[in-house]
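Report on the structure given below.
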Amino acid sequence: MLRTARQRKELCKECPVARVANLLGDSCSLLIVRDLMESPRRFGEIQASLSGISTRTLTNKLRQLEKETLIRRKDLKYTLTKKGAALQEIIDAMRSYGKKYL
C-alpha cells in the first residue's frame, strides 16, 4: 500500500496508468478536457459548465493543464493541443462505461 507522497511519486515514474491518473485524477481536469473537445471556450464558459467551481480552482486547473501542454490559451479562448486531443478515446471510454454501468 502506498502511504506517502514520495511512494506515490515513485510509482508514477514507472507506471503509465498511474502517470495518466496523476495527470487527470481529479474530475475538474477531466471535465475541462471534455468541454474543450467540443470547441474552444473562454474562461467564463468553462466556469459556467462546471457549476460550483471557484474562480481560483479553475484558474489553477487551467494553469496545470497548460503546464502539461494539454491545453493552450489563444485569443482569450482555451483550446486543446494535439496532446490534449489524444485523450478523446479515454473520455469516450469513460462516457460509455458511465452510460452502461452507472
Side-chain angles (χ1 to χ4, degrees):
M1 173 182 259
L2 302 175
R3 296 181 183 169
T4 67
R6 182 175 174 212
Q7 288 172 321
R8 288 189 299 274
K9 188 175 181 180
E10 288 300 315
L11 174 65
C12 287
K13 288 182 184 178
E14 302 299 323
C15 177
V17 174
R19 291 174 64 195
V20 173
N22 190 44
L23 179 66
L24 297 172
D26 64 276
S27 60
C28 291
S29 295
L30 283 170
L31 296 176
I32 291 168
V33 171
R34 177 207 62 190
D35 287 352
L36 294 178
M37 285 184 178
E38 295 176 13
S39 66
R41 296 184 186 232
R42 293 178 175 266
F43 183 92
E45 294 171 318
I46 298 169
Q47 190 171 27
S49 175
L50 304 175
S51 59
I53 190 170
S54 72
T55 301
R56 181 176 181 210
T57 299
L58 180 56
T59 299
N60 290 337
K61 295 298 178 187
L62 290 169
R63 284 182 184 157
Q64 179 185 1
L65 293 171
E66 281 184 287
K67 182 181 174 188
E68 297 291 341
T69 66
L70 295 174
I71 67 170
R72 69 173 170 260
R73 193 173 91 186
K74 184 178 179 183
D75 300 328
L76 299 177
K77 288 191 175 184
Y78 291 92
T79 186
L80 290 175
T81 63
K82 185 177 179 179
K83 182 178 173 182
L87 295 167
Q88 179 79 48
E89 289 181 46
I90 294 171
I91 300 290
D92 289 344
M94 292 176 78
R95 183 179 289 118
S96 294
Y97 181 89
K99 286 180 179 178
K100 187 172 182 176
Y101 296 107
L102 303 178

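- With a 4.5 Å cut-off on side-chain heavy atoms, Ser49 and Leu31 do not count as touching.
- Sorted by first and then second residue, the side chain to side chain donor-acceptor pair (under 3.5 Å) pairs involving residues 70-81 (not counting sequence neighbours) form an empty list.
- By the side chain to side chain contact (heavy atoms under 4.5 Å, CB included) test, Ser96 is found to be paired with no residue, residues two or more places apart in sequence or in another chain being considered.
- The structure places CD1 of Ile46 at 5.0 Å from CG of Leu62, a figure rounded to the nearest 0.5 Å.
- By the side-chain hydrogen bond (donor to acceptor under 3.5 Å, both in side chains) test, Ser54 is found to be paired with Thr57, residues two or more places apart in sequence or in another chain being considered.
- Sorted by first then second residue, the ring-ring contact (aromatic ring centres under 6.0 Å, His included) pairs that include residues 83-102, not counting sequence neighbours, are Tyr97-Tyr101.
- For the atom pair Leu65 CG and Ser29 OG, the distance stands at 4.5 Å (nearest 0.5 Å).
- With sequence neighbours excluded, the residues that form a side chain to side chain contact (heavy atoms under 4.5 Å, CB included) with Met37 are Val33, Leu80, Leu87, Gln88, Ile91.
- Inter-residue side-chain proximity for Ile32 and Leu58 is flagged as met; some heavy-atom pair is nearer than 4.5 Å.
- Pairs passing the salt bridge (Lys or Arg N to Asp or Glu O under 4.0 Å) check and including a residue from residues 90-102, sequence neighbours excluded, read Asp92-Arg95.
- Applying the ring-ring contact (aromatic ring centres under 6.0 Å, His included) test to every pair with at least one member in residues 54-76, sequence neighbours left out, gives no pairs at all.
- Chaining together hydrophobic side chains whose heavy atoms lie under 4.5 Å apart leaves Leu76 on its own.
- Here the CD atom belonging to Gln47 is positioned 8.0 Å from the OG1 atom belonging to Thr59, to the nearest 0.5 angstrom.
- Pairs engaging residues 31-55 under the salt bridge (Lys or Arg N to Asp or Glu O under 4.0 Å) rule: Glu38-Arg41 [sequence neighbours left out].
- Applying the salt bridge (Lys or Arg N to Asp or Glu O under 4.0 Å) test to pairs two or more places apart or on separate chains, those with a residue in residues 55-69 are Asp26-Lys61.
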